[in-house]
Amino acid sequence: MEKKYFNQHLLKEQANFYNQNYDVFKSIEDNYKLDIWFLVHFRIYFSVRNQLQDSTNNPYSNGDTDLFGIVRFLFFFLRNAFKLRRKNNTRSSICVVSSGHKVKDIHVGSLRGIGYNLFLLNIPKFSGKYNHSKILDTHDFNYFNNSYWILLRGIINIRNWRILFGLNNDLKRKFDQLVFESSNEQKFLMHLKKLRISILFKYLEYLAYKLYFEKSGFRAVVMYDENSPSKRVIWQAASQVGIKTFAIQHGATHSLNPAYNYANYDCPPQFCDVTFLWGSFYEKQLLGYGYKYEKLNIQGPIPIDSIDNVGLEQKKIAWLRKYNPTNKEVICYCSQPQKDESLRLQQLKDVVEVMIGLPNYLLIIRPHPNESLSYFYDYFKQHNINTSSIILEKEVELELHFLVSNILITSFSTVGIEFSKYYKPIVILDYLKEDLLDYISSGIGIAVTNKQELQELFNNKSRLAINNQNFTKFLAKYYFQPKKTVSEGILSVIKSSV
């Protein structure tokens, strides 16, 4: 069975497991106000998928898994729990939830400075061994807080622990009531039971955020990546106390993305009150994935707002002067985590080996936000890679890499959509021949299915020519172009709703 159809079938089996056990999951939700299945269905799907395909590596690993790494995290947690705390002294604030340490590099970053009273709730990221742990820059936000202080207050609350012990006992009893119809569904159940402790931790987070939101005075909470476990517990806690919840589209909503596709579920999960989308294509897609029309709102892609053209042009000149004084062709390879770790490694290997063999090219490797730099450094070291023509950068603006690059290489990342507005060649590593984001069928992506094809492509530059008309049609289909900025449109909808 081709991998694409294998994945689709597995997603259907996973939904079927939930559907036939819906009454059990619903009883837990009724008692504890949170559907625990949708906190872990990501991990369960990928765990079973990797098990069936003998893939054991975790592409989301940050590198520090030893005792020293745990001690570093505890220090990071306690230090940051007492930093960046400021009370919200208004009853009409909009709470912006973000992750990481650079506002300008995240989707919600351009919501700042629009003229509304914004409150920043930061979820600090603990970085791997090649990055320093940082706190997000709070510039332009009127008030701010960080999640570790909120979680610490939730942890020391005795009432929360009583509820947690009750949930633990209920989970043990309810899990024994779950049934399955196939060997794969049995694997789903097995992995669900293994994640019981993880569910309890997530529920403790939910209780901590609920306690916080009850006294916050917020009227709206807005975030991206809303269906991830760490964000779902936040907005569902806010929703429980009557706060309106808003989500900003994060990534492509293709059929194999379990964050958005709930078409196979008889009863889809709870969604945010409003989800802001990039364009009508995604609205049509989500309507077929279990979303309701009244909960969708098209505003356009928010990253466009974050571009400081004057500042980036100056940075472009400085970057080229530093890294590319001989005026080589610049290739930007945007890597990303993959469900199949062996495929991820193979694509990195192919790109690096082809590019370092071409003297007139300079390769930028741009890791995904969920990828650790250590993964690439370790790869270079293990394979004795000459990195003189490779630039590994993650923290600079993505738009800067777009500006300095002549060609983009990616697999199914949405950076291809963002890069398309520059009308430059886009090479798609479509090793599974899935064309998940329609780059190839739309005529803007050049398909490559193996190393030999990649080598031949760069040996024959005429094949890198683009069709401007195809790019224009692609942008019109996937990107709504608003009359005002996307950020203003989003905040206008939020303000009118609260």
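Only this structure's heavy atoms are used, side chains among them; waters, hydrogens and symmetry mates stay out.
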Show, in sequence, the C-alpha distance, side-chain angles and deciding distance for Tyr260 and Tyr289, and conclude whether the ring-ring contact (aromatic ring centres under 6.0 Å, His included) test is met. CA-CA 7 Å; Tyr260 285 110; Tyr289 290 168; 8.5 Å; no
Between [X] and [Y], is any pair of side-chain heavy atoms under 4.5 Å apart?
X	Y	answer
Val427	Tyr333	no
Gln270	Trp235	yes
Ile494	Leu491	yes
Ile466	Lys424	no
Asn450	Asp350	no
Phe380	Ile365	yes
Tyr291	Thr253	no
Leu286	Phe271	no

Can you tell me how far [atom2] of [Y] sits from [atom1] of [X], rounded to the nearest 0.5 angstrom?
X	Y	atom1	atom2	result
Met355	Tyr361	CE	OH	7.0 Å
Leu358	Glu353	CG	CD	12.0 Å
Ser405	Phe419	OG	CZ	6.0 Å
Asn16	Glu13	CG	CD	8.0 Å
Phe474	Ile417	CZ	CD1	5.0 Å
Ile248	Trp278	CD1	CH2	11.5 Å

Between [X] and [Y], which heavy-atom pair has the shortest distance, and what is it?
X	Y	result
Gly443	Asn470	O-ND2, 3.4 Å
Ser389	Leu362	O-CD1, 3.4 Å
Val404	Val330	O-CB, 3.3 Å
Asn386	Ile390	O-CD1, 4.2 Å
Phe42	Asn227	CE1-O, 3.4 Å
Leu408	Gly416	CD2-CA, 3.9 Å

Can you tell me if [X] has over 12 outside heavy atoms packed within less than 6.0 Å of its [atom1]?
X	atom1	value
Tyr379	OH	yes
Lys295	NZ	yes
Arg43	CZ	no
Glu294	CD	yes

Does a donor on one side chain and an acceptor on the other come within less than 3.5 Å for Ser411 and Tyr431? no
Any donor-acceptor N or O pair under 3.5 Å, side chains Asp430, Tyr439: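 No pair is found: no donor N or O on one side chain lies under 3.5 Å from an acceptor on the other.
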Check whether [X] reaches the backbone of [Y] with its side chain - one donor and one acceptor, N or O, closer than 3.5 Å.
X	Y	result
Asn19	Asn264	yes
His254	Leu256	yes
Asn324	Lys328	yes

My understanding is that only one of Tyr45, Phe25, Tyr262 makes a ring pair (Phe, Tyr, Trp, His ring centres under 6.0 Å) with Trp37; could you say which?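 Considering Tyr45, Phe25, Tyr262, a ring pair (Phe, Tyr, Trp, His ring centres under 6.0 Å) with Trp37 is found only for Phe25.
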Indicate the ring-plane relationship of Tyr323 and Trp319, choosing parallel, tilted or perpendicular according to the 30° and 60° boundaries. tilted
Do the ring planes of Tyr18 and Tyr265 sit parallel (below 30°), tilted (30 to 60°) or perpendicular (above 60°)? perpendicular
So, applying salt bridge (charged side-chain N to carboxylate O under 4.0 Å, His left out) with Glu399, which one of Lys316, Arg366, Lys421 is it? Lys421
Result of checking Arg344, Gln347, Glu371 against Ser335 for side-chain hydrogen bond (donor to acceptor under 3.5 Å, both in side chains):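 With Ser335 as partner, side-chain hydrogen bond (donor to acceptor under 3.5 Å, both in side chains) holds for just one option, Glu371.
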Ring centre gap for His9 and Phe6 strictly below 6.0 Å: no
Candidate list Gln455, Gln452, Glu453, Lys349, test side-chain contact (heavy atoms from CB on, under 4.5 Å), partner Val354, passing option: Gln455
